[in-house]
Amino acid sequence: MASLKDMRVRIASTKATQKITKAMQMVAASKLRRAQNAAEAARPYAEKMDTVISNIASAAAGSPNASPLLVGTGKDQVHLLLVCTGERGLSGAFNSAIVRLARERAFALMNQGKEVKFFCVGRKGYEQLRRNFDKQIVETVELRSVRQLGFVNAEAIAEKVLARFDAGEFDVCTLFYSRFQSVIAQIPTAQQVIPLAVEAAAGNGDAAPSYEYEPEEDEILDRLLPRNLAVQIFRALLENNASFYGAQMTAMDNATRNAGDMIRKQTLVYNRTRQAMITKELIEIISGAEAI
């Protein structure tokens, strides 16, 4: 049985941990509102970009000069999985849920005889994926030093992806991230970005009417499609940021509550042990007095 001193040390240590988790919960809560507003503000632009491109793409359907970003390479053999996760942990299942979705997609593609490559954005995703796919990770980007996410960060990632696509290193690219729904609900999401899934984007009921374009549709798409890739990546980064703080806030709240339960149980054991020792000492004193 542990001594009273050891029990006091254990209780003090648990209380210190509780203070840390409570502080982290409050920090996550303070950052969540700004991250949530940024994610929600990016959604309309990204969705409208999809609608406009879908409308232009339908007008350019069948064109021999259509961009490969729209129609693909004509093959479906090499898949690049662009996995966006967080740079830090202590956020419950936030990172592992995204990685799990990407891992399941990778195994499904490999079972079909496809070649799979990974582009990891975020340290936690890389650390988890390298256990199974170390040789298949072709590039990693860490944003740990970025204090506030900007479109420039997404553009840099998009340029790296486009360079690999232009070099013929893959045929299909799928973006993985966590869509923010609420503090307790973050939805792991897979979105095909190369070639653009036009049919899914056009089926939202907001498609614009037909227009005549100047310059031609192909030329417009050549400019819009690379920017759309950066927009979708930027949206994913903002959604991830909000999801991370929501998940961390929930995880730290649970950790604080669990620490409180542990403190109560440890204090109860400490008090019972202390009372038992006092009772034993009293019995020994009374027994000694009676013997005299």
Side-chain angles (χ1 to χ4, degrees), residues 1-36 83 85-103 120 122-134 140 142-147 178 180-188 240-292:
M1 180 180 294
S3 65
L4 291 179
K5 181 180 179 180
D6 292 338
M7 291 183 183
R8 285 195 297 268
V9 171
R10 192 175 303 166
I11 292 172
S13 176
T14 308
K15 286 182 178 179
T17 301
Q18 185 184 40
K19 290 180 180 179
I20 294 172
T21 56
K22 183 63 177 178
M24 292 184 67
Q25 177 192 350
M26 296 175 66
V27 170
S30 67
K31 294 183 177 180
L32 173 61
R33 176 56 58 184
R34 181 181 297 177
Q36 180 179 350
V83 185
T85 58
E87 297 290 344
R88 296 178 296 276
L90 299 177
S91 54
F94 164 71
N95 291 307
S96 59
I98 301 172
V99 171
R100 186 184 306 113
L101 181 63
R103 187 186 294 117
C120 297
R123 184 170 59 90
K124 287 298 179 181
Y126 169 72
E127 289 176 352
Q128 293 187 39
L129 286 169
R130 68 178 180 180
R131 301 170 189 169
N132 301 106
F133 309 102
D134 186 37
T140 302
E142 291 191 7
L143 302 174
R144 194 169 190 176
S145 60
V146 178
R147 297 182 61 86
S178 182
F180 178 82
Q181 187 173 27
S182 68
V183 175
I184 60 174
Q186 300 86 35
I187 305 173
N240 259 9
N241 199 36
S243 295
F244 170 79
Y245 287 122
Q248 186 176 70
M249 180 179 170
T250 301
M252 292 300 99
D253 179 59
N254 292 334
T256 302
R257 294 174 185 271
N258 291 338
D261 292 339
M262 290 181 63
I263 292 170
R264 284 190 290 272
K265 292 178 181 178
Q266 291 171 350
T267 302
L268 180 61
V269 172
Y270 172 81
N271 289 335
R272 286 179 175 175
T273 304
R274 181 170 176 271
Q275 186 63 46
M277 293 179 66
I278 293 173
T279 302
K280 181 180 179 182
E281 290 176 358
L282 288 174
I283 292 174
E284 290 176 352
I285 293 172
I286 294 172
S287 299
E290 290 180 349
I292 293 174

Evaluate D6 against Y270 for side chain to side chain contact (heavy atoms under 4.5 Å, CB included), listing each step before the verdict.
CA-CA 10 Å; D6 292 338; Y270 172 81; over 6 Å; no
So do the side chains of Q128 and S96 get within less than 4.5 Å of each other, counting heavy atoms only?
yes
Measure from the side-chain N and O atoms of S91 to the backbone N and O of F94, and report whether any donor-acceptor pair falls under 3.5 Å.
no
Main chain of R123, side chain of E142: is a donor-acceptor contact present, judged purely on distance under 3.5 Å?
no
In Å, rounded to the nearest 0.5 Å, how long is the span from OG1 of T256 to CD1 of I20?
10.5 Å
Give a yes or no on whether the backbone of I263 and the side-chain of T14 come within a donor-acceptor separation of less than 3.5 Å.
no
Heavy-atom nearest pair, G246 first then Q186, reads C-NE2, 3.9 Å
Is the shortest side-chain heavy-atom distance between F244 and R88 below 4.5 Å?
yes
Would you check if Q275 and N271 make a side-chain contact, meaning some heavy-atom pair closer than 4.5 Å?
no
At what distance, to the nearest 0.5 angstrom, does OG1 of T267 lie from CE of M262?
11.0 Å
Value for OH (Y245) from CZ (R33), rounded to nearest 0.5 Å, stands at 15.0 Å
Other residues, nucleotides, ligands: >12 heavy atoms within 6.0 Å of R130 CZ:
yes
Shortest non-hydrogen pair, N241 vs A35, comes out as ND2-CB, 3.8 Å
Checking L101, N95, L129 against V83 for side-chain contact (heavy atoms from CB on, under 4.5 Å), the one that qualifies is L129
Which heavy-atom pair separates G125 from V99 by the least distance, and what is that distance?
CA-CG2, 3.9 Å
Closest heavy-atom pair, G89 versus K124, reported as atoms and distance to 0.1 Å, is N-CE, 3.4 Å
For the backbone of I187 and the side chain of S243, can you confirm whether one donor and one acceptor N or O come within less than 3.5 Å of each other?
no
Compare all side-chain heavy atoms of M252 with those of K22 and state whether any distance is below 4.5 angstrom.
no
How far apart are the closest heavy atoms of A255 and T21, and which atoms are they?
CB-CG2, 3.9 Å
Between Y126 and T140, what is the shortest heavy-atom contact and its length?
CD1-OG1, 3.4 Å
Flag the pair R103 / F133 as yes when at least one side-chain heavy-atom distance between them is below 4.5 Å, and no otherwise.
yes
Less than 4.5 Å apart, any side-chain heavy atom of M7 and any of Q266?
no
Find the distance between CD (Q248) and OG1 (T250) and round it off to the nearest 0.5 Å.
10.0 Å
Which residue pairs pass the salt bridge (Lys or Arg N to Asp or Glu O under 4.0 Å) test with at least one member in residues 246-269, sequence neighbours excluded?
D253-R257, D261-R264
Do R8 and L4 have side chains that get closer than 4.5 Å, going by heavy atoms?
yes
